[in-house]
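The next block holds one structure in the form of structure tokens; read it before the comments.
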Amino acid sequence: MTWARRCGRMRVLVVEDEVKMARAIRRGLEQEGYAIDTAPDGDEALYLASENAYDAVVLDVMLPGLDGFEVCRRLRGAGRWAPVLMLTARDTVEDRIAGLDVGADDYMVKPFAFGELLARLRALIRRGTTERPAVLRAGDLALDPAAHTVTRAGRRVELSTREFTLLEFLMRHAGEVVTRTAILEHVWDYNYDGLSNVVDVYVGYLRRKLEQPFGRTLIRTVRGVGYALEVA
């Protein structure tokens with residue numbers, strides 16, 4: 001019995017404009033027990049992925065109309081979190097970075113071994129469809145790790161590299177109380193041996209840039225413990 005049949009029938013969307021390639025992937029996946037829908041272009045892919053709950057999406061980059069990067073970007077923007085495995089004939093670092101930055105979960109270069117595609121698909125499906133936004137948001141605050149930009153209430157805010165890293169860590173734990181020790185270990189490192197109050201100093205920098213100009217609190221101090229970034 002195949003993995004897909006043991007786990008229950010998994011539904012996968014295959015987006016590929018090359019007819020022979022689409023047919024081959026579909027046939028191979030169906031033989032493994034997957035239920036397959038296909039789309040020949042980006043517009044059809046967006047429609048199907050918006051109307052159906054897929055366990056994964058196999059998405060070609062070079063498509064008629066909307067390319068795979070834009071399809072993935074729009075899916076993530078619409079809150080569709082099915083794992084995306086991108087396929088492309090272009091093997092440049094820039095392309096791989098672009099795909100991952102718009103929200104893809106994995107990337108394969110054509111030609112590829114079908115067995116490897118199956119293994120990667122199994123790994124992605126095991127992760128599930130948990131939310132993995134490309135842009136972090138908390139209330140009116142937005143942080144884009146790929147573009148290295150921060151905005152609050154639509155206004156861009158310039159941060160130093162360390163300030164940006166600290167804010168990203170707090171946003172990934174928005175609503176949680178994060179200890180000073182955890183911040184030091186993740187934003188600096190385990191062996192940091194500088195100022196003992198460096199976390200407080202940098203939180204102060206963030207407050208001056210992200211709270212004072214807007215007149216609204218963002219980072220809450222939990223006395224004796226650490227800090228929490230407000231989610232609303």
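- Of all non-hydrogen atoms in Leu29 and Phe114, the two that sit nearest each other are N-CZ, 3.6 Å.
- In terms of hydrophobic clustering, with Ile, Leu, Val, Met, Phe, Trp and Tyr side chains grouped at heavy-atom distances under 4.5 Å, Met62 and Leu100 are assigned to different clusters.
- A donor-acceptor pair under 3.5 Å is formed between the side chain of Arg26 and the backbone N or O of Ile36.
- Cluster annotation: Leu85 and Phe112 are assigned to the same hydrophobic cluster (Ile/Leu/Val/Met/Phe/Trp/Tyr, side-chain heavy-atom contacts under 4.5 Å, transitive).
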Next on the checklist: Would Asp106 and Leu121 count as a side chain to side chain contact (heavy atoms under 4.5 Å, CB included) here? Give the steps.
Outcome noted: CA-CA 9 Å; Asp106 203 353; Leu121 206 51; over 6 Å; no
Checklist entry - Would Val71 and Val57 count as a side chain to side chain contact (heavy atoms under 4.5 Å, CB included) if you check the C-alpha gap in whole Å, the side-chain angles of each, and the deciding distance to 0.1 Å? => result CA-CA 11 Å; Val71 170; Val57 178; over 6 Å; no
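- Atoms OH and CG, from Tyr107 and Leu87 in turn, are 9.5 Å apart once rounded to the nearest 0.5 Å.
- Contact check for Tyr202 versus Thr165: no side-chain heavy atoms found under the 4.5 Å cut-off.
- A distance of 4.5 Å separates CD of Glu70 from CZ of Arg73, quoted to the nearest 0.5 Å.
- Asp200 is listed as a side-chain neighbour of Arg180, based on a closest heavy-atom distance under 4.5 Å.
- We find that Arg27 and Glu30 are not joined by a salt bridge, their nearest charged nitrogen and carboxylate oxygen being 4.0 Å or further apart.
- Judged by distance alone, the side chain of Arg162 and the main-chain N or O of Val187 form a donor-acceptor pair under 3.5 Å.
- Between Leu166 and Val203, the shortest heavy-atom contact is CD2-N, 4.0 Å.
- With hydrogens and angles disregarded, no donor-acceptor distance shorter than 3.5 Å links the side chain of Arg74 to the backbone of Leu46.
- Distance alone, capped at 3.5 Å, places no donor-acceptor pair between the Asn52 side chain and the Tyr54 backbone.
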Checklist entry - Could you go step by step and tell me if Val58 and Met108 meet the side chain to side chain contact (heavy atoms under 4.5 Å, CB included) rule? => result CA-CA 10 Å; Val58 178; Met108 287 189 71; over 6 Å; no
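- By the 4.5 Å heavy-atom criterion applied to side chains, Leu206 and Tyr227 are not counted as neighbours.
- In this structure, CZ in Arg120 is found 9.0 Å from CG in Leu117, a value given to the nearest 0.5 Å.
- Both Leu210 and Val201 belong to a common hydrophobic cluster when Ile, Leu, Val, Met, Phe, Trp and Tyr are linked at side-chain heavy-atom distances under 4.5 angstrom.
- The aromatic rings of Phe169 and His173 sit tilted relative to each other, their planes meeting at an angle between 30° and 60°.
- Side-chain contact between Glu163 and Val150 is absent, with no heavy-atom pair separated by less than 4.5 Å.
- Remark: Lys110 engages Glu16 in a salt bridge, criterion side-chain N to carboxylate O under 4.0 Å.
- Taking every heavy atom of both residues into account, Leu63 and Pro40 meet most closely at CD2-O, 4.3 Å.
- Residues Leu218 and Arg216 form no side-chain contact, since every pair of their non-hydrogen atoms from C-beta on lies 4.5 Å or further apart.
- Going from atom NE2 of His148 over to atom CD of Glu168 covers 8.0 Å, rounded to the nearest 0.5 Å.
- Between Leu167 and Leu159 there is a side-chain heavy-atom pair separated by less than 4.5 Å.
- The distance from atom CG of Leu13 to atom CG of Asp55, rounded to the nearest 0.5 Å, is 11.5 Å.
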Item to check | Worked verdict on Asp60 versus Val15 for side chain to side chain contact (heavy atoms under 4.5 Å, CB included) | outcome: CA-CA 6 Å; Asp60 188 33; Val15 188; 5.7 Å; no
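- The pair Asp105-Arg76 meets the salt-bridge criterion, since a charged nitrogen lies less than 4.0 angstrom from a carboxylate oxygen.
- Heavy-atom neighbours of Tyr47 OH from other residues, nucleotides or ligands within 6.0 Å: at or below the threshold of 12.
- Of all the heavy atoms in Pro64 and Asp41, the pair that sits closest is O-CB, 3.7 Å.
- When every heavy atom of Leu141 is checked against every heavy atom of Arg152, the shortest pair comes out as CD1-CB, 4.2 Å.
- Contact detail for Cys72 and Gly103: the closest heavy-atom pair is SG-C, 3.6 Å.
- Between the OG1 atom of Thr88 and the CG atom of Leu59 there is a distance of 10.0 Å, given to the nearest 0.5 Å.
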